[in-house]
Asker: 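Got a structure for you, questions after.
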Amino acid sequence: MSEINNTTIPEIATIEEIKDEIVDVKTFYLSFDERKGGKAPQFKSGQFVMCTVFGAGEFAVSLPPSPENDRFHLTVRKVGKVTDALHELFAGDKVGIRGPFGNGFPFDEIKGKNVIYVAGGIGLIPLRSSIMHVMQNKEKFGRILLFLGARTPRELMYQYNLKDWKTAPGFETYITIDNPVPGWDGENGFVHTLLKKVDVPVKDTIAFVCGPPIMFNAVIKELTGLGISEESIVSTLERHMKCGIGKCQHCSIGRTLVCTDGPVYTYRQIKTLGEQI
Amino acid sequence: MGKKTINVDSLGELFHKIKSGGKRILAPVEKDGVILFGEVASYPEVATGYIQTVFSAKEAVLPRFEEILRFSSEGRDVVIEEESNKPVPTVVFGVRPCDAKSLSVIKAVFERDYPDIFVQSKIDSTTVIGLSCVNSDEYCFCTSVGGAPGDTAGSDLLLTRINDANYLAEIITEKGESIVSSAPELFSEAGNVDKDRHLAQVNRQFDLDELEKRLPALFESPLWAGQSLRCIGCGACSFVCPSCTCFDIQDETDGARGIRLRCWDSCGFAQFTLHTSGHNPRGVQSKRWRQRIMHKFSYQPGELGTAGCVGCGRCSRACPVDMNILQHIKDILEAR
């Protein structure tokens, strides 16, 4: 295991800035009070931290792109007691961070391959860290494709990144909105339908999938139908978590603990877990 | 490490020596007609004549509530105080061999990946004086899960009543040795003692390895729904279980000050896996019952090298709707 010493006691961080993303989703930029330059501990894309809102509790949340290239931030949807409390905070307020925990997305192992990202709604939050990591090293990869679905144009995450990605050479972006709405002249339908419309690479391809269960199942069916193997499909699993360090058992699925063995699994692994979604 | 005998009448003096050495003693005591582990000042307080305490000795290393940190805010600043986590040196007296064995399950769970200082430090500062079983009841099944009424595993010193006047004292570890050497005058050399003759007879009722082998194929079996139809999800089975370790973490605050608590939890509770979105991967009781059995008899043997059950029978005794784990296991083994 990595040499982290905040497994139980959170490190205190100050909220420096809060950015509204989409409805009920905000990004919190943090500076670590006790670390040089406020910099975050080292982490890999696909790992997560436990974030404390003092007095309200703690929740698991995926991490941003790497600490070298970006200010440390967490993008959080307001969805329950603790995240509601976080959304009530202002710049200058304190939070606690434990971690990073978990295995993270594969990177070195997938060099030379085509990379497909399929995200539904806020499923883009965890995938963005891998996207940015791969984009920064895009000469080491084949085709890079992003398929993104959202309910409405207003619910498209990270529009400022999307703008850049759409024009980035060597990066193919395909976006769909569930139903036609005025002012949207792009694709309509669920994200898995996009996969039929594009010449998707199959050989030497790795696919990252993140989104709600119903979307996940539809996308998996499409990808495996195209001939992408189960071990070349990667996703992150979500579970109610408490300790983050493999003790409390809240995130157990079969023999695996999502906090220490995951949260990143291949579809081949996910299939064998039982009660996986 | 050696076998001694100690006279029943000398236990009072042994307790006195242990206490004057600065250790607290936890032992089975009777309170309102119920036998529970509690702190005792002297030997006569210790209960006798029971088969099994209602709760196990696990509280000595995994308390039902435990503060893991305190925090306070001043203006917008937050200060965290770590719990000092200096456990009181403790001797737990009268631990049944099944309960002593469960401590190794707890240890294995809390050692995995990241060592947990709270449990580890308590295990390190606890000495277990086991007490072999001379009686058992229909709920006991230690011998089916690799234990025995006189099993030494997990005890530092194991006492077995060998006649009206004496206990055989088997020294298992250095901690046990230090108990004996703190009062050597109370112990005599044991001659040839046929310990087994004095133990309860607990017949083996199922094959643990066979159960582990069978379970994966039964994941989608309808038997889980059948067995758990009457389960009310109260979690009593987990709370009395000596090897259940699942816990919850909760923050409590009065505004300016707060504490973070770790407390017992149960995979039998509907909220155990409830996502904040409302999605629940174990949304029905049959899935939670399946998890309980699978975890103890399939996942833990694979992951930790030990089953998560020691055959104490407490879950069956405590269940308000009479779910009997022994019967359920037998039914699982007969399922096709």
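Below, chains carry the letters A, B, ... as their sequence lines are ordered, and counting in each starts from 1. Only heavy atoms go into these numbers, but all of them, side chains included; no hydrogens, no water, no symmetry mates.
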Asker: How far does OH of B:Y114 sit from SG of A:C243, to the nearest 0.5 angstrom?
Answerer: 10.0 Å
Asker: CZ/B:R262 to NZ/A:K242 distance, rounded to the nearest 0.5 angstrom?
Answerer: 13.5 Å
Asker: Can you tell me how the ring of A:H250 sits relative to the ring of B:F272, calling it parallel under 30°, perpendicular over 60° and tilted otherwise?
Answerer: parallel
Asker: Please indicate whether B:E74 has more than 12 foreign heavy atoms, meaning atoms of other residues, nucleotides or ligands, lying under 6.0 Å from its CD.
Answerer: no
Asker: Quick one: pull up OG1 in A:T7 and CG in B:D113 and give me the separation to the nearest 0.5 Å.
Answerer: 11.5 Å
Asker: Chain A heavy atoms under 4.5 Å from B:E220: which part of the residue, side chain, backbone, both or neither?
Answerer: neither
Asker: What pairs meet the ring-ring contact (aromatic ring centres under 6.0 Å, His included) rule with one or both residues in residues 55-82 of chain B, with sequence neighbours excluded?
Answerer: A:F54-B:F71
Asker: Which bit of B:E81 comes within less than 4.5 Å of chain A, counting heavy atoms only: side chain, backbone, both or neither?
Answerer: neither
Asker: Counting only non-hydrogen atoms closer than 4.5 Å, does A:D84 touch chain B with its backbone (N, CA, C, O), its side chain (CB onward), both, or neither?
Answerer: neither
Asker: Return the option, out of B:Q250, B:E82, B:K287, with the maximum number of heavy-atom pairs under 4.5 Å with chain A.
Answerer: B:E82
Asker: Pair A:E238, B:H279 - check side chain to side chain contact (heavy atoms under 4.5 Å, CB included), show working.
Answerer: CA-CA 11 Å; A:E238 279 191 25; B:H279 176 64; over 6 Å; no
Asker: Measuring from A:R255:CZ to B:M294:CE, what's the distance to the nearest 0.5 Å?
Answerer: 10.0 Å
Asker: Which one of A:P10, A:G254, A:A56 has the most heavy-atom pairs closer than 4.5 Å to chain B?
Answerer: A:G254
Asker: Under 4.5 Å from any heavy atom of chain A, what part of B:L274 do you find: side chain, backbone, both or neither?
Answerer: backbone
Asker: With respect to chain A, which residue among B:L69, B:T245, B:V79 yields the maximal number of heavy-atom pairs within a distance under 4.5 Å?
Answerer: B:L69
Asker: Select one option (side chain, backbone, both, neither) describing which atoms of B:D254 are under 4.5 Å from chain A's heavy atoms.
Answerer: neither
Asker: If you define the side chain from C-beta out and look only at heavy atoms, does anything of B:R112 sit under 4.5 Å from A:L257?
Answerer: yes
Asker: When you compare the side chain of B:H295 with that of A:Q249, does any pair of heavy atoms fall below 4.5 Å?
Answerer: yes
Asker: What part of B:Q300 is in contact with chain A, defined as an atom under 4.5 angstrom from a non-hydrogen atom: side chain, backbone, both or neither?
Answerer: neither
Asker: Under a 4.5 Å heavy-atom cut-off, does chain B meet the side chain of A:F90, its backbone, both or neither?
Answerer: both
Asker: Taking atom CD of A:E34 as the centre, report whether more than 12 heavy atoms of other residues, nucleotides or ligands fall under 6.0 Å from it.
Answerer: no
Asker: Can you establish whether the number of heavy atoms outside B:R230 located under 6.0 Å from its atom CZ is more than 12?
Answerer: yes
Asker: Does B:K107 have more than 12 heavy atoms from other residues, nucleotides or ligands lying within 6.0 Å of its NZ?
Answerer: no
Asker: Could you check whether any side-chain heavy atom of B:D251 comes within less than 4.5 Å of a side-chain heavy atom of A:T52, counting everything from C-beta outward?
Answerer: yes
Asker: Could you grab the distance from atom NZ of A:K94 to atom CD1 of B:I80, nearest 0.5 Å is fine?
Answerer: 11.0 Å
Asker: Checking B:F247 against chain A: side chain, backbone, both or neither under 4.5 Å from a heavy atom?
Answerer: both
Asker: Can you name the closest pair of heavy atoms from B:Q271 and A:H240 and give their distance?
Answerer: O-CD2, 4.1 Å
Asker: Which one of B:T273, B:I249, B:T253, B:V119 has the most heavy-atom pairs closer than 4.5 Å to chain A?
Answerer: B:I249
Asker: Tell me yes or no: between the side chains of B:R282 and A:S252, is some donor less than 3.5 Å from an acceptor?
Answerer: yes
Asker: How about OH on A:Y29, more than 12 heavy atoms from neighbouring residues, nucleotides or ligands closer than 6.0 Å, or not?
Answerer: yes
Asker: Select one option (side chain, backbone, both, neither) describing which atoms of B:D116 are under 4.5 Å from chain A's heavy atoms.
Answerer: both
Asker: Going by an N to O cut-off under 4.0 Å, is there a salt bridge joining A:D33 and B:R76?
Answerer: no
Asker: Do the side chains of A:R77 and B:S277 get nearer than 4.5 Å, heavy atoms only?
Answerer: no
Asker: Determine the option with the most heavy-atom pairs under 4.5 angstrom with chain B, choosing from A:C251, A:G92, A:G96.
Answerer: A:G92
Asker: Who among B:G278, B:S298, B:G75 has the most heavy-atom pairs with chain A under 4.5 Å?
Answerer: B:S298
Asker: Flag the one option from B:F110, B:Y299, B:F219, B:F118 with the top tally of heavy-atom pairs under 4.5 Å to chain A.
Answerer: B:Y299
